[in-house]
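Below is one structure, written out as structure tokens, with a few remarks after it.
Proteins come first, then strands; the chains are lettered A, B, ... in the order of their sequence lines, and each starts at number 1.
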Amino acid sequence: MHKNVTSTKENALAIDLTKCHTILSKYNQATPADLIPILQQIQNAYGYLPQSALEEITARTRIPLSKIYGVITFYSQFSLEPRGKHTIKVCTGTACHIKGAPDIKKKITEVLHIHEGETSQDYKFTYDPVACLGTCFLAPVMMIDNRYYGKLTVEKTETILKSY
Amino acid sequence: MEKLKNPDDLKKYRKSLESKHRPDIVRIFICTTGCRALGADEVCKAFKSEIEKQSLKDKVEIVDTGCQGLCARAPVLTIEPMGIFYGRVTETDVPEIISRTILKGEIIERLCYAEAGKKTPYIRDIPFYGKQKKIVLRNCGMVDPKSINEYILRDGYAAISKALSGMTPDDVVNEIKNSGLRGRGGAGFPTGNKWEFVKKAVGDVKYLVCNGDEGDPGAFMDRAVLEGDPHSVIEGMLVGAYAIGSKKGIVYVRAEYPIAVEHLNIAIQQAKSLGLLGENILGTSFSFDLEIKMGAGAFVCGEETALIASIEGKRGMPRPRPPFPATSGLWGKPTNINNVETFANVPIIILKGSEFYKAIGTDTSKGTKIFALAGNVKNTGLVEVPMGTTLREIVFDIGGGIPGRKKFKAAQMGGPSGGCVPAQHLDLPIDYETVKEVGAIMGSGGLIVMDDSTSMVDIARYFMEFCQEESCGKCVPCRIGTKRMLDILTRITKGQGKKEDIDLLKELAEVTKSASLCGLGQTAANPVLSTIRYYLSEYEELINKKDTQSLPQESPATQP
């Protein structure tokens with residue numbers, strides 16, 4: 001892939017590849033099995049997977065960019081787009097579903113004007129789809145970054161979102 | 001820490017720990033895993049600073065534990081040796097708990113478990129705990145999962161020590177076979193037989209994988225075990241590795257479980273520093289090393305061939321079997337994959353013997369099963385009961401029944417691969433076979449209680465939406481079958497159903513079931529078939545009353 005393909009969003013953020021190089025330096029003889037852990041660390045460092053970082057991975061590991069792209073698009077954890085400062089995950093597990101998760105999701109869309117998988121225009125929030133957070137006793141529950149908010153109501157959800 | 005060089009060293013080490021153990025001290029066990037979501041960390045900190053302030057360090061000790069089960073009362077704590085159980089504790093309660101309960105022995109009523117207005121301060125009197133039998137969860141909530149010493153004090157690593165000092169790998173396989181232990185991941189395949197296949201398989205390298213990709217919505221038992229007692233999983237894997245002749249193990253954990261990964265990492269480091277993982281374990285020729293792989297968010301990776309593909313760094317798609325992983329798995333080598341809960345059962349079987357284990361459960365299903373009790377039930381939480389316990393006992397005696405004035409309608413068992421069990425089967429003794437007969441599956445153990453306000457057609461649509469989103473798209477029956485079934489179900493819930501829809505659904509369900517490549521597609525139609533079987537009238541009502549109000553709709557999720 002040619003560098004010109006890099007999205008304008010990314011150019012605007014000017015990627016510093018130092019963190020990427022530090023991560024890759026741990027993998028002198030990278031095998032295909034290292035790909036997912038490398039991607040996870042890069043995403044942790046940058047919040048998403050910048051294209052220039054993917055090109056570095058391909059140069060270092062010799063895994064073709066097309067294969068890397070295939071893996072990235074398969075797993076819901078990975079994002080090719082810059083993400084918001086905070087990540088919202090609303091649990092859509094069975095217990096949450098029967099206890100009103102659909103209303104919570106509607107409220108989030110109403111307040112932030114984003115649907116699942118989208119990032120708000122001010123890059124404050126990314127709203128991620130998630131199947132189940134495994135905390136059914138808190139139903140309905142959402143996570144913002146690493147913090148849980150349980151036993152939600154529509155009103156509570158609005159207050160929480162506005163506190164960020 | 002110095003490495004333990006033989007089984008006697010382990011015994012001596014344990015003795016030295018016992019001599020430091022102080023029975024006269026009051027211990028406050030606080031769940032800081034699941035309860036963290038409701039402020040357990042703050043409660044813990046408040047206790048520690050209060051103890052410091054009042055100089056009570058010699059009298060009171062705080063133990064951060066894993067899940068204590070009664071999540072409905074989170075944050076929870078247990079005070080020993082008195083056996084007092086408090087729930088919904090906040091930071092502001094802490095000084096009072098210290099001054100009244102710890103120092104004066106008084107009970108603070110407002111923090112006690114209450115049922116029908118009756119306060120129950122002591123854990124032994126709480127019905128939620130009374131009917132349970134804790135084998136897998138034996139340490140969960142009783143030990144600090146970040147301390148290998150506490151695990152060793154409760155017979156930890158005694159099973160692998162026993163296996164290494166007096167049992168051949170064949171003895172171990174036979175003991176597990178004789179115990180009747182079956183895979184707790186859902187399918188219920190006999191664990192001992194699986195081990196035997198891999199043991200007999202030809203290969204210079206063999207892999208042992210622990211499947212911690214707990215993906216079923218509504219299941220959280222593997223999370224609790226990994227967070228609350230990670231050493232029991234490591235020990236179970238050690239025994240398995242010795243039995244099948246593996247030197248390399250991998251624990252595959254969901255990325256959504258950061259605390260599980262953190263505790264497992266600590267546990268692995270501690271086991272290594274004591275020489276319980278690594279080269280020449282306990283001075284024998286047996287070596288075993290363990291690493292963690294984190295999932296990246298794909299439900300299908302719970303399927304074993306997809307899980308292997310994911311560990312290999314590929315798209316996590318399943319492949320046809322045979323060859324089974326037992327002969328050609330990870331990197332083409334013989335691979336044994338068991339679930340977290342399965343491994344956590346192993347140390348007890350080795351330590352207490354298969355006869356002890358066999359005595360628990362039903363004819364075909366031995367031992368206990370953990371259920372994640374959630375939904376419209378009072379005592380949501382984690383319960384472990386002997387196989388053969390009835391649904392009524394779980395939902396009403398342990399779960400405390402349905403909140404409000406609502407009535408029990410169904411229990412959804414087995415997640416998206418399972419089905420809904422209606423009220424007429426409440427007295428069914430639960431085991432692998434009986435659950436299957438009534439149209440659900442044991443699955444990983446998610447048990448979601450639904451009251452009479454729940455629409456069963458909506459539930460069927462909900463699960464189909466889940467399966468359709470998670471279908472990896474490799475095989476046509478699953479990719480298209482789930483999509484078409486979802487279309488029909490959505491149509492029905494919108495009040496646009498047609499008369500022929502039910503027959504069409506059944507037909508699609510059968511085809512998807514019989515033609516799909518892996519378990520995801522093969523079981524995706526189960527929630528549809530089971531709700532049609534028991535709640536046909538709800539489907540017909542929605543189809544016939546087109547013009548009445550339709551069910552609430554969710555906006556379709558946008559896939560990135």
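Panel note: side chain B:E214, backbone B:M221; a donor-acceptor pair is recorded below 3.5 Å. The closest donor-acceptor contact from the side chain of B:T335 to the backbone of B:L330 lies under 3.5 Å. In this structure, B:E312 contributes its side chain and B:W331 its backbone to a donor-acceptor pair below 3.5 Å.
With a 4.5 angstrom heavy-atom cutoff, B:R254 touches chain A only via side-chain atoms. B:L382 does not touch chain A: none of its heavy atoms, backbone or side chain, sits under 4.5 Å away. If you measure heavy-atom distances from B:V300 to chain A, the contacts under 4.5 Å come from the side chain alone. In this structure, the portion of A:K151 lying under 4.5 Å from any heavy atom of chain B is its side chain and not its backbone. For B:S453, no part lies under 4.5 angstrom from a heavy atom of chain A. Proximity to chain B is absent for every atom of A:V141, based on heavy atoms less than 4.5 angstrom apart. Only the side chain of B:L38 comes within contact range of chain A, with heavy atoms under 4.5 Å apart.
Between atom CG of residue A:L39 and atom CG of residue A:N44 there is a gap of 11.0 Å, rounded to the nearest 0.5 Å.
The distance between the ring centers of B:F466 and B:F299 falls below 6.0 angstrom.
Side-chain contact, B:T305 with B:E303: a donor N or O sits under 3.5 Å from an acceptor N or O. A:Y48 and A:T126 are not linked by any side-chain donor-acceptor pair at a separation below 3.5 angstrom, with hydrogens and angles left out of the test.
Relative to the six-membered ring of A:Y164, A:K124 misses at least one condition, a distance below 6.0 Å or an angle of at most 45° to the axis.
Using a 4.5 Å heavy-atom cut-off against chain A, the contacting residues of residues 370-380 of chain B are B:A374, B:G375, B:N376, B:T380.
The greatest number of non-hydrogen atom pairs below 4.5 Å with chain B, out of A:A33, A:G93, A:A95, A:A131, is found for A:A33. In terms of non-hydrogen atom pairs under 4.5 Å with chain A, the most contact-rich of B:P258, B:A224, B:C301, B:S310 is B:S310. The greatest number of non-hydrogen atom pairs below 4.5 Å with chain B, out of A:P37, A:G150, A:G70, is found for A:G70.
With sequence neighbours left out, B:K293 forms a salt bridge (Lys or Arg N to Asp or Glu O under 4.0 Å) with no residue at all.
A salt bridge between B:E256 and B:R223 is absent, with no side-chain N of the basic residue lying under 4.0 Å from a carboxylate O of the acidic one.
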